Amino acid sequence: QQKVQQSPESLIVPEGGMASLNCTSSDRNVDYFWWYRQHSGKSPKMLMSIFSNGEKEEGRFTVHLNKASLHTSLHIRDSQPSDSALYLCAARYGSSGNKLIFGIGTLLSVKP
Amino acid sequence: AQTIHQWPVAEIKAVGSPLSLGCTIKGKSSPNLYWYWQATGGTLQQLFYSITVGQVESVVQLNLSASRPKDDQFILSTEKLLLSHSGFYLCAWSLGGVSYEQYFGPGTRLTVL
């Protein structure tokens with residue numbers, strides 16, 4: 001069964017610090033990863049997607065992908081209290097059509 | 001701009017009662033539509049998806065059913081609620097094709113007592 005594992009489960013960083021979140025697929029047939037952010041009581045909002053090996057940067061957010069290790073990471077620099085949220089990693093598998101598999105998430109808390 | 005609306009915002013229902021949740025999307029023709037469920041503290045699970053009117057594929061069996069009566073409307077329902085149905089129900093849309101990200105609606109919070 002395809003699984004998406006995220007670590008750590010929770011993370012506390014100081015305001016202005018760097019947050020690093022990890023996500024690994026259990027199935028080599030993965031072809032897209034997405035990162036979503038979900039504030040408490042709200043719906044997830046898409047942050048970034050990646051499907052090619054390497055790095056992609058958008059503002060304070062950077063995602064890396066290593067297809068060989070089936071691993072993606074999200075890095076948030078200059079973290080702000082408003083970044084405090086649940087970060088969800090989602091993966092699409094080539095064999096699954098429109099199905100996305102989500103990880104359990106990393107709960108990020110940015111302390112002023 | 002596309003807008004996605006879900007109703008109701010929240011619902012408290014008794015075990016064994018029926019349920020109908022709705023989702024409409026405006027500003028996008030023939031989107032792919034999805035239903036997700038998120039238990040409190042649990043992962044987001046895709047329940048159903050639809051690529052066209054009248055066609056719905058089931059992903060996870062949770063004693064729920066879905067229908068797409070119109071191009072811009074997606075309905076989630078059951079005739080008999082279980083305690084385990086409690087959670088956050090999210091509708092999402094994407095462009096046609098499989099490489100496009102999914103955008104979520106505001107969600108419906110369901111409590112089954």
Side-chain angles (χ1 to χ4, degrees), chain A residues 1-7 9-10 21 23-27 29-52 56 58 61 63 65 67 72 74 85-107, chain B residues 2-10 21 23 25 30-52 55-61 66 68 74 87-111:
Chain A
Q1 188 182 1
Q2 295 149 342
K3 284 188 178 179
V4 173
Q5 293 169 305
Q6 291 189 246
S7 64
E9 286 185 10
S10 62
L21 293 69
C23 173
T24 304
S25 167
S26 66
D27 188 320
N29 202 24
V30 60
D31 55 11
Y32 277 89
F33 283 102
W34 285 270
W35 285 95
Y36 284 80
R37 180 165 72 181
Q38 185 177 22
H39 285 105
S40 182
K42 304 294 185 182
S43 62
K45 296 288 188 280
M46 206 274 292
L47 284 174
M48 295 179 76
S49 61
I50 191 162
F51 61 92
S52 298
K56 186 175 168 182
E58 289 181 10
F61 298 87
V63 287
L65 176 62
K67 280 195 164 183
T72 179
L74 173 68
L86 182 67
Y87 287 79
L88 296 166
C89 175
R92 194 191 79 91
Y93 296 88
S95 62
S96 66
N98 289 283
K99 183 178 177 181
L100 287 191
I101 306 293
F102 280 81
I104 193 89
T106 292
L107 188 62
Chain B
Q2 305 83 20
T3 58
I4 181 167
H5 175 60
Q6 287 188 244
W7 74 93
V9 172
L21 303 180
C23 169
I25 175 163
S30 302
N32 290 349
L33 295 175
Y34 310 85
W35 276 113
Y36 284 85
W37 171 68
Q38 188 178 36
T40 303
T43 193
L44 204 55
Q45 275 192 289
Q46 193 177 87
L47 301 176
F48 299 94
Y49 70 88
S50 171
I51 60 174
T52 192
Q55 184 180 334
V56 177
E57 298 293 330
S58 174
V59 177
V60 174
Q61 290 293 331
R68 188 169 177 177
F74 207 19
F88 197 31
Y89 287 85
L90 292 149
C91 181
W93 70 273
S94 70
L95 294 173
V98 297
S99 61
Y100 295 107
E101 47 265 25
Q102 296 179 16
Y103 299 93
F104 287 88
T108 294
R109 182 78 56 187
L110 174 67
T111 303

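Below, chains carry the letters A, B, ... as their sequence lines are ordered, and counting in each starts from 1. Predicted, not measured: the structure shown is a model, and the values here were computed from it.
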Donor-acceptor side-chain pairing of B/Y34 and B/S94 below 3.5 angstrom: yes
Contacting region of B/L44 [heavy-atom separation from chain A under 4.5 Å]: both
NZ on A/K42 to CZ on B/F104, rounded to 0.5 Å: 16.0 Å
A/Y36 versus chain B, the contacting section by heavy-atom distance below 4.5 Å: side chain
By side chain to side chain contact (heavy atoms under 4.5 Å, CB included) - contacts of B/I4 (at least two apart): B/C23, B/C91, B/W93
Per-residue contact mode, A/I101 against chain B (heavy atom under 4.5 angstrom): neither
With B/S50, the side-chain hydrogen bond (donor to acceptor under 3.5 Å, both in side chains) member among B/Q55, B/E57, B/R68: B/R68
Max heavy-atom pair count under 4.5 Å with chain B, selected residue of A/A90, A/G105, A/G103: A/G103
Segment of A/L88 engaging chain B (4.5 angstrom heavy-atom cut-off): side chain
A/Y87: side-chain hydrogen bond (donor to acceptor under 3.5 Å, both in side chains) partners, not counting sequence neighbours: A/R37
